[in-house]
Protein chains: 2
Amino acid sequence: MTATAARVDSRHTPRKRAGNGAAPRDVADDVGLDALAGHAGYAVRRFQIWIFQDFIKTLGEVDIRPTQYSVLTVIGANPGLSQMAVAKRLGIERARLVHLLDSLEQRKLVKRIKSKEDRRSHALHLTAQGETALAKFKRLAAEHERHVEAKIGRENRAQLLRILAGFT
Amino acid sequence: MTATAARVDSRHTPRKRAGNGAAPRDVADDVGLDALAGHAGYAVRRFQIWIFQDFIKTLGEVDIRPTQYSVLTVIGANPGLSQMAVAKRLGIERARLVHLLDSLEQRKLVKRIKSKEDRRSHALHLTAQGETALAKFKRLAAEHERHVEAKIGRENRAQLLRILAGFT
DNA sequence: GACAATTGTTGTCGTCAACAACAATCTTTC
DNA sequence: GAAAGATTGTTGTTGACGACAACAATTGTC
């Protein structure tokens with residue numbers, strides 16, 4: 001007689017599964033989500049939460065979050081970019097990028113160099129320390145990608161990247 | 001992969017705008033993102049931002065955000081659930097659900113009914129008003145899904161749902 | 001040279017996830 | 001049956017993040 005809270009008051013509960021007489025194992029296991037099953041946004045949101053948590057955990061030893069990683073990667077691949085260019089490319093506000101760069105600059109990973117051509121802007125570069133650090137970050141990120149493969153399957157991950165290639 | 005990756009090629013198409021404002025397609029278009037192209041998390045994040053913005057915009061006339069919609073849908077499909085059960089099923093904190101329900105209850109869409117079996121918990125139900133409102137929300141959400149199809153293709157959307165079915 | 005636009009910066013506001021603490025209420029254990 | 005422990009709803013804080021607005025310095029345009 002332990003199924004007090006676990007048993008859903010099934011007076012008005014619509015029949016979702018036919019004849020499933022199994023005992024409820026956990027509270028939310030027999031809660032139907034049928035209406036949400038067909039929504040792409042919900043699935044994508046849940047997946048994105050999972051993938052970010054794994055990224056944060058996998059890169060936890062170096063204390064790098066996904067947004068920081070993307071900033072470092074873009075700067076590493078395109079040295080000398082302005083803050084505006086980086087923000088526009090990554091789809092983040094330039095106001096937000098200020099704080100991100102403050103943090104990364106304090107950690108001696110990037111440096112802002114006053115541009116000669118346009119004295120309003122800063123040319124962004126990785127420090128030497130930042131380059132070696134980014135190499136390590138990339139190895140950990142590759143490990144994270146393997147976690148993704150293990151989670152959804154190698155072929156499915158490839159299809160996902162193909163489907164969403166237009167958003168990068 | 002070292003510092004030689006300064007690949008801001010000479011693809012400078014100097015299409016300078018006329019004195020008119022707002023020509024957002026110049027600075028970042030030729031910035032290489034090669035390193036991020038293979039990262040599933042980045043593509044998923046960008047896609048999730050797009051899909052949420054379209055959802056918020058499409059359901060803007062009724063002022064319903066994705067999380068609110070998911071809460072209403074789950075309650076509508078499973079009346080009498082406790083807050084704990086809803087939170088666990090949707091993967092949101094029960095602390096967060098409190099504010100969400102406060103808002104939805106103020107709008108007369110849901111009601112908390114003190115449970116008789118477990119006087120700590122609340123049984124969640126849609127109001128009559130909430131049920132008719134949810135029907136409208138679902139029509140708008142279906143319209144949003146058509147936007148997704150138009151964006152990534154009907155077949156790709158179906159594959160996406162299949163790949164991410166385990167996360168719902 | 002006057003005027004508009006851009007860049008980096010600072011600030012505020014609201015959303016969201018992650019915790020921590022608490023009172024009220026079960027549940028377990030002795 | 002009472003004490004100890006766990007659960008539920010609630011309040012609060014913290015930090016990451018997106019959106020916006022305002023500002024000084026600088027650049028471009030007329």
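In what follows, chains carry the letters A, B, and so on, assigned in the order in which the sequence lines appear, proteins first and then strands, with residues in each chain numbered from 1.
Checking the phosphate oxygens (OP1, OP2) of dT6(C), no side-chain nitrogen or oxygen of R119(A) falls inside 4.0 Å. Residue T67(B) places no side-chain N or O under 4.0 Å from the OP1 or OP2 atom of dT15(C). Here R112(B) reaches the OP1 or OP2 of dT10(D): one of its side-chain N or O atoms lies under 4.0 Å away. Between dT10(D) and Q83(B), a contact under 4.0 Å exists linking OP1 or OP2 to a side-chain N or O.
Across the interface with DNA chain D, nearest-nucleotide mapping of P66(A) and E117(A) shows P66(A) to be the residue nearer the 5′ end. Along DNA chain C, the nucleotide nearest to A95(A) and the one nearest to D118(A) differ in position, and the one closer to the 5' end is contacted by D118(A).
Put simply, CG on L100(A) is 9 Å from C1' on dC17(D), counting in whole angstrom units. At whole-Å resolution of the value, CG in L81(A) and P in dT7(C) are 12 Å apart. The nearest whole Å value for the distance from the CG atom in D63(A) to the P atom in dG15(D) is 13 Å. Computed from coordinates, the H99(B) NE2 to dT13(D) P distance equals 11 Å when rounded to whole Å.
Residue-level contact check: Q53(A) touches the backbone only, with heavy atoms under 4.0 Å from sugar-phosphate atoms and none from bases. At the heavy-atom level, R94(A) lies under 4.0 Å from base atoms of the strands shown.
Nearest to the side chain of S121(B), among dA17(C), dG9(D), dC17(D), sits dG9(D).
With ring centers used as reference points, H39(B) lies under 6.0 Å from Y69(A). Aromatic rings of Y42(A) and F167(B) (six-membered ring for Trp) have centroids beyond the 6.0 Å cut-off, not under it.
With hydrogens and angles ignored, no donor-acceptor pair closer than 3.5 Å exists between the side chain of R120(A) and the base of dG8(C).
Looking at K111(B) and E105(B), no side-chain N of the basic residue comes within less than 4.0 Å of a carboxylate O on the acidic one, giving no salt bridge.
Remark: H99(A) NE2 to E93(A) CD distance equals 11.0 Å, nearest 0.5 Å. Interatomic distance, CD of E149(A) versus NE2 of H144(A), reported as 11.0 Å (0.5 Å rounding).
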